[in-house]
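Notes follow the structure.
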Amino acid sequence: MNISHPNELKTDVQISVVVPIYNEEANLNYLFDRLSQNLDKMGLTYEIICVNDGSRDRSLVELIRHHQQNPAIKIINFSRNFGKEIALTAGIDYARGKAVVPIDADLQDPPELIQDMVDLWKQGYDVVYAKRRARQGETWFKQFTANNFYRIIGRMSKVPIPRDTGDFRLMDRKVVEALKKIPERNRFMKGLFAWVGFEQVAIEYDRDPRYAGTTKWNYWKLWNFALDGIASFSSLPLKVWSYLGLTISLLSLIYAVFLIVRTLISGIDVPGYASLMVAVLFLGGIQLISLGAIGEYLGRVYEEVKERPLYLVRDTYGL
Ligand code: UDP
Ligand code: MG
């Protein structure tokens, strides 16, 4: 009897490179040049899966032109912008290679590194992730917030999420199949990549500045991204309130006893406006914060139960 294992996908493609693309027209020529240079050198069969995430510039036209010149370049064209995490998910879903390498279109992730990743993969590692040594072209504020984010989520999450690591990595087919089993809509890829486990190894690199165009991230988006990460990988913000509430109740009980005793001994003393206000405002604030925390999770639960499809594909080229 021949039971084919899902991991042993019948494929002749060895490496699938997945590129999420949102308004990257100015980067595409250089990207494909450098990618195919490096991939050709390795002598492996490959495909480059480009996910056009609702670009508003000429990215799609450019992509189609490249696809016609080189059929290894394949395109998934989304019906609208779904965000980078979802674009990566779609690319990974469609990838047929024995290993999958997500990479940014702006050449901040040097394609030269794929060679080193493949070498380690052939030595038996399932995941080879690229860890940033230096963050060039980033302000101290971005570095400061990024550092703190990694520190906080490192404390809160049960699975260790490697710091200074983006989505640039090589994953074996086993890992890809594991990732595909994750149905979540809030896709914090860095966390999910860590969550699946397997034999992982890091290689260090210096992240280059963006080749052309501008980043799609601003601080508001980054803040929400950080919240997504924390809410997907920790329920501490939900649980902490019961402990805080318990502590405050105990303290107020002690204070109440003190007040009663004092009233019994020295009679009623009306002035007390300041302490009353402080207590009321402080507790009101805490209650709002805790409600907000619950809201963060409830909103995400609502997203999940709606079970909308993760993404909608308008058309594909070469797939
Ligand atoms: N990207 C995407 N959809 C989006 C935003 C970004 O597919 O809604 C892609 C973008 O084209 C690039 C990658 O995600 O290939 C990383 O984006 P960016 O360089 O803006 O992020 P940064 O490097 O600043 O974190
Ligand atoms: Mg970038």
Side-chain angles (χ1 to χ4, degrees), residues 16-35 48-63 66 73-95 100-111 113-114 129-147 149-150 161 163-169 185-191 193 205-226 228-229 310-314:
S16 299
V17 177
V18 173
V19 199
I21 291 166
Y22 179 55
N23 298 346
E24 303 282 7
E25 57 178 3
N27 287 316
L28 294 179
N29 278 332
Y30 188 51
L31 170 74
F32 293 131
D33 268 4
R34 249 176 88 182
L35 264 183
I48 302 175
I49 298 189
C50 303
V51 186
N52 179 37
D53 187 14
S55 297
R56 282 171 225 265
D57 61 359
R58 292 175 43 81
S59 293
L60 182 64
V61 182
E62 284 288 300
L63 281 173
H66 282 283
I73 298 174
K74 303 168 182 180
I75 311 168
I76 303 167
N77 186 29
F78 274 1
S79 64
R80 64 169 170 85
N81 178 261
F82 281 89
K84 180 187 178 185
E85 314 283 304
I86 305 285
L88 273 183
T89 307
I92 289 171
D93 284 350
Y94 278 79
V100 176
V101 180
I103 191 170
D104 282 0
D106 56 4
L107 289 147
Q108 283 196 280
D109 309 327
L113 231 57
I114 299 177
Y129 61 88
K131 204 169 148 73
R132 293 163 206 175
R133 207 178 297 129
R135 291 168 155 256
Q136 281 180 41
E138 284 181 358
T139 60
W140 70 268
F141 186 66
K142 172 90 182 267
Q143 298 189 20
F144 172 79
T145 47
N147 277 339
F149 168 69
Y150 284 114
I161 296 174
R163 19 178 341 127
D164 293 326
T165 302
D167 301 319
F168 186 33
R169 61 190 58 224
R185 258 129 273 270
N186 285 303
R187 300 186 82 80
F188 183 67
M189 292 307 264
K190 284 180 216 269
F193 286 147
Y205 76 114
D206 294 315
R207 192 162 163 86
D208 297 324
R210 200 169 226 288
Y211 179 66
T214 51
T215 174
K216 276 83 201 172
W217 295 92
N218 53 38
Y219 278 104
W220 178 241
K221 277 195 189 162
L222 279 173
W223 165 248
N224 280 301
F225 183 64
D228 267 344
L310 269 179
Y311 53 84
L312 294 174
V313 175
R314 180 155 183 270

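Predicted model, so just to flag it, every value in this text is computed and none were measured. Both ligands and their constituent atoms are indexed starting at 1 by order of listing.
With ligand atoms numbered from 1 in the order given, ligand 1 contributes 7 (O), 11 (O) to contacts under 4.0 Å with heavy atoms of Ile21. Numbered from 1 in the order shown, with element, the atoms of ligand 1 that lie under 4.0 Å from a heavy atom of Asn81 read 3 (N), 4 (C), 8 (O). Every atom of ligand 1 with a heavy atom of Asp104 under 4.0 Å away is listed here by number and element: 13 (C), 15 (O), 16 (C), 23 (O). Close contacts of ligand 1 with Asp53, meaning ligand atoms under 4.0 Å from a residue heavy atom, involve 2 (C), 3 (N), 4 (C), 7 (O), 8 (O). Close contacts between ligand 1 and Asp106 involve ligand atoms 19 (O), 23 (O) [criterion: under 4.0 Å to a heavy atom]. Set against the non-hydrogen atoms of Gln108, the atoms of ligand 1 under 4.0 Å away are 19 (O), 22 (P), 23 (O). Taking every non-hydrogen atom of Glu24 and a distance limit under 4.0 Å, the qualifying atoms of ligand 1 come out as 10 (C), 11 (O), 12 (C), 15 (O). Listed by number with element, the atoms of ligand 1 under 4.0 Å from a non-hydrogen atom of Gly83 are 3 (N), 8 (O).
Note: Asn77 CG to Leu63 CG = 8.5 Å, rounded to the nearest 0.5 Å.
Judged by the 6.0 Å distance and 45° axis criteria, Arg80 is positioned over the aromatic ring of Phe82.
From the protein, the heavy atom lying nearest to atom 18 (P) of ligand 1 is Arg210 NH2, 3.5 Å. Here the protein heavy atom with the shortest distance to atom 22 (P) of ligand 1 is Trp217 CD1, 3.6 Å. Closest to atom 9 (C) of ligand 1 among all protein heavy atoms lies Pro20 O, 3.7 Å. Nearest non-hydrogen protein atom to atom 20 (O) of ligand 1 is Lys216 N, 2.7 Å. The shortest contact between atom 24 (O) of ligand 1 and any protein heavy atom is with Thr215 OG1, 2.6 Å. For atom 1 (N) of ligand 1, the closest non-hydrogen atom of the protein is Tyr22 CB, 3.8 Å.
Within the 3.5 Å criterion, the main-chain N or O of Asp53 finds a donor-acceptor partner in the side chain of Asn81. Without hydrogens or angle criteria, Glu62 side chain to Glu25 main chain gives no donor-acceptor distance under 3.5 Å. With hydrogens and angles disregarded, a donor-acceptor distance shorter than 3.5 Å links the side chain of Asn23 to the backbone of Arg56. Asp104 places no side-chain N or O within donor-acceptor distance of the main-chain N or O of Asp106, the cut-off being under 3.5 Å.
Classified by interplanar angle (parallel below 30°, tilted 30° to 60°, perpendicular above 60°), the ring pair His66/Phe32 is tilted. Between Tyr311 and Tyr94, the ring-plane angle classifies as tilted under the 30° and 60° cut-offs.
At least one side-chain heavy atom of Phe168 sits less than 4.5 Å from a side-chain heavy atom of Val101. You'll find the side chain of Glu24 stays beyond 4.5 Å of the side chain of Val19, heavy atoms only.
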In sequence, state the C-alpha distance, the side-chain angles, and the governing distance for Tyr129 and Lys190, and then conclude on side-chain hydrogen bond (donor to acceptor under 3.5 Å, both in side chains). CA-CA 10 Å; Tyr129 61 88; Lys190 284 180 216 269; over 6 Å; no
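Annotation: Ala105 places an N or O atom under 3.5 Å from an N or O atom of ligand 1; distance criterion only.
Residue-level proximity to ligand 1 for Lys84 is carried by backbone and side chain together, each with a heavy atom below 4.0 angstrom.
Put simply, the angle at the Mg ion (ligand 2) from OE1 in Gln108 to OD2 in Asp106 is close to 100°, to the nearest 10°.
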